[in-house]
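What follows is a short report on a single structure.
Quick note on labels: first sequence line is chain A, next is B, and so on, each numbered from 1.
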Number of protein chains: 2
Amino acid sequence: MCSAQVQSPFYDQSAIWPGASDFKLAKNANVVRFKAGETLYVEGESAPYCYQVVSGVVKEYNTLEDGRRQVADFYGVGDLFGISELEDQLHTAEAITDCAVRCYSRDPFLKAVASCPKLSQQLLDTLMARLHSSRERMIMLGRMSAIQRVAAFLIRLSREQKATSNIRFIMSRQDIADHLGLTIETVCRALTEMKKRGVIIFESARLFSIQDTASLEEITHNSN
Amino acid sequence: MCSAQVQSPFYDQSAIWPGASDFKLAKNANVVRFKAGETLYVEGESAPYCYQVVSGVVKEYNTLEDGRRQVADFYGVGDLFGISELEDQLHTAEAITDCAVRCYSRDPFLKAVASCPKLSQQLLDTLMARLHSSRERMIMLGRMSAIQRVAAFLIRLSREQKATSNIRFIMSRQDIADHLGLTIETVCRALTEMKKRGVIIFESARLFSIQDTASLEEITHNSN
DNA sequence: CGTTGTTTTGAGTTTTCTCAACATGTGTGG
DNA sequence: CCACACATGTTGAGAAAACTCAAAACAACG
């Protein structure tokens, strides 16, 4: 396995893409700031840019004709996004928190990557890691119950924030639901159920702690 | 967008990875044959090989502790697989039809790719295309109804086989169900429903034709 | 021509969704 | 600092979708 890298470590400020700052095309890249809730882009057709998070958290989602949404992923510091887009669906990126992103023009970016073995190696590793995690997500969406999905998501948050207490939901319940392929109500009920079982406790709606890591992990494995 | 390439064109004999045959490591790669139903590999831990389909069709799936399966994808002639694997789940590849696959030792493969810009470009394109299609699959699993998923799958088969009549299911209903995150019965009922509506007709259980392409496409878009 | 495996259909149950009400925050202006 | 408004989150009851279990139909194969 190639050197895997954790995806979206929201609170890890260390550069995931250490090469990023000494990109040949770093000069082409301007850093843009967005306020929480602002849309970075909406795209139906071509995607002329790709992006890297400098600070804050961004969500990327697809909207179906009838308004249903699927949040593809959340991106944190260091994460690249906008690399492989869909043409047929409405495709949007939105700032969850205030954030700064480095924008690369797509073609020069890809050209620079192609001409530098080190960069293309990094990009390969990144893509493989992402493919890997999207595999995990397919298992989640295809074969896990509501409570299993939510439990798995809590574990992800815990890993990313490297904490078992005072873990923050940076995203809304709606975002979580749209990411997990559930409704907002079902996400709530799953959280309440885990609270009832004493697996987690809430400091507030957006802040929780894991009481019983083993049970939480067990929920993701056992079907009841 | 980078030159996208269709994934898994089961019946397209043209090389998808044109560089494949003049791989520097082609000498390291031996072609192995499997009978339908045989397991190419089962892996929990490290994945020392990656593979390319020479002929036939292969399915790749993950098994959860309790036996539920998620078929990650079906691979046809030219497709690479085994590149980005999961460590935590039981991960298996199995021949659906009789087939031949070229096996590459993982490390030399990646090294050769790294040392050849053309190859790494090809691999990058492949991975991006795959990421792209896995995005589509997440929308399917997360936000589409049973009949929508099945309809989308039929369209995929039609595209891959470049036909609207006498389209073959090379895989079993169970495989389809495990790919779409449904049960075998639900897949059957969805197919029957489309047959009733006159959207498709069956030549046999594994052979069908599309009667009304527009309606089929409409099913994937409208929620009823 | 029975045996075995796959696909289809049926009936009842479970899970998740929908719609509606209620609760809890959060922020702003008085 | 309080009061109100607006957004976000939670709970409940009934409906819909998909699942489970069981049986029947259909194919493939020796």
Side-chain angles (χ1 to χ4, degrees), chain A residues 35-37 59 64 66-70 94 96-98 140-151 153-154 168-196 200-208 219 222-224, chain B residues 35-37 59 64 66-70 94 96-98 140-151 153-154 168-196 200-208 219 222-224:
Chain A
K35 290 236 157 285
K59 73 181 171 198
L64 277 70
D66 59 355
R68 284 172 298 176
R69 296 188 328 160
Q70 176 67 35
E94 201 180 301
I96 292 189
T97 64
D98 290 0
M140 204 172 70
L141 294 173
R143 285 291 174 239
M144 288 185 165
S145 69
I147 198 167
Q148 286 182 311
R149 295 183 210 186
V150 175
F153 187 72
L154 296 188
R168 281 178 53 78
F169 292 105
I170 41 276
M171 65 293 287
S172 69
R173 296 286 190 274
Q174 186 63 64
D175 289 337
I176 297 171
D178 287 338
H179 182 57
L180 301 181
L182 300 169
T183 59
I184 193 174
E185 294 95 332
T186 304
V187 171
C188 271
R189 284 186 248 268
L191 288 171
T192 306
E193 175 62 26
M194 289 192 270
K195 189 177 72 182
K196 269 186 201 155
I200 55 172
I201 45 169
F202 280 92
E203 269 75 41
S204 77
R206 294 282 187 109
L207 204 63
F208 73 99
I219 291 175
N222 286 352
S223 22
N224 43 52
Chain B
K35 291 235 158 285
K59 73 180 171 200
L64 277 69
D66 59 355
R68 285 173 295 176
R69 295 188 327 160
Q70 176 69 35
E94 200 179 302
I96 292 189
T97 64
D98 290 359
M140 204 174 70
L141 294 172
R143 285 290 175 238
M144 287 187 166
S145 69
I147 199 166
Q148 286 181 310
R149 296 182 210 187
V150 175
F153 187 72
L154 296 187
R168 281 176 53 76
F169 292 105
I170 41 275
M171 66 293 289
S172 69
R173 295 286 190 275
Q174 185 64 63
D175 288 338
I176 298 172
D178 287 340
H179 182 57
L180 301 182
L182 300 169
T183 59
I184 192 174
E185 295 95 332
T186 304
V187 171
C188 271
R189 284 186 247 267
L191 289 171
T192 306
E193 175 60 26
M194 289 191 270
K195 189 176 72 182
K196 269 187 201 156
I200 55 171
I201 44 169
F202 280 93
E203 270 76 40
S204 76
R206 293 283 187 109
L207 204 63
F208 73 99
I219 290 175
N222 286 354
S223 23
N224 44 50

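Under the side chain to side chain contact (heavy atoms under 4.5 Å, CB included) criterion, B:L207 pairs with B:N166, B:R168, B:E203, B:S204, not counting sequence neighbours. Every residue two or more places apart in sequence or in another chain that forms a side chain to side chain contact (heavy atoms under 4.5 Å, CB included) with B:A151 is listed here: B:M194, B:L216, B:I219, B:T220. B:R69 pairs by the side chain to side chain donor-acceptor pair (under 3.5 Å) definition with B:D175, B:D178, not counting sequence neighbours. Applying the salt bridge (charged side-chain N to carboxylate O under 4.0 Å, His left out) test to A:K196 and every residue at least two apart in sequence or in another chain returns nothing.
Distance, B:R206 CZ to D:dC26 P: 17 Å, rounded to whole Å. Atom CG in B:D66 sits roughly 14 Å away from atom P in D:dC19 (whole-Å rounding). One can place CZ of B:R173 at 19 Å from C1' of D:dC19, the figure rounded to the nearest angstrom. Atom CZ in B:F208 sits roughly 14 Å away from atom P in C:dT7 (whole-Å rounding). Remark: P of D:dG9 and CE of A:M171 are 11 Å apart, rounded to the nearest angstrom. Taking atom CG of B:L207 as the reference point, atom P of D:dC26 lies 18 Å away to the nearest angstrom. Rounded to whole angstrom, the span from the CG atom of A:D175 across to the P atom of D:dA7 amounts to 16 Å. Rounded to whole Å, the distance from CZ on A:R68 to C1' on C:dC17 is 12 Å.
Comparing the axis of the opening five pairs of the helix from C:dC1-D:dG30 to C:dG30-D:dC1 with that of the closing five pairs yields an angle of 40°, rounded to 10°.
At least one donor-acceptor pair under 3.5 Å links the side chain of B:R149 to the backbone N or O of B:M144. Here the side chain of A:R143 pairs no donor or acceptor atom with the backbone of B:R68 at under 3.5 angstrom. Here the side chain of A:Q148 pairs no donor or acceptor atom with the backbone of A:M140 at under 3.5 angstrom.
Aromatic ring orientation, A:F169 versus A:F202: parallel (interplanar angle below 30°, classes split at 30° and 60°).
Taken residue by residue, residues 179-195 of chain A places heavy atoms nearer than 4.0 Å to DNA chain D at A:E185, A:C188, A:R189, A:T192.
Residue pairs satisfying the salt bridge (charged side-chain N to carboxylate O under 4.0 Å, His left out) criterion with at least one member in residues 180-189 of chain B, sequence neighbours excluded, are absent.
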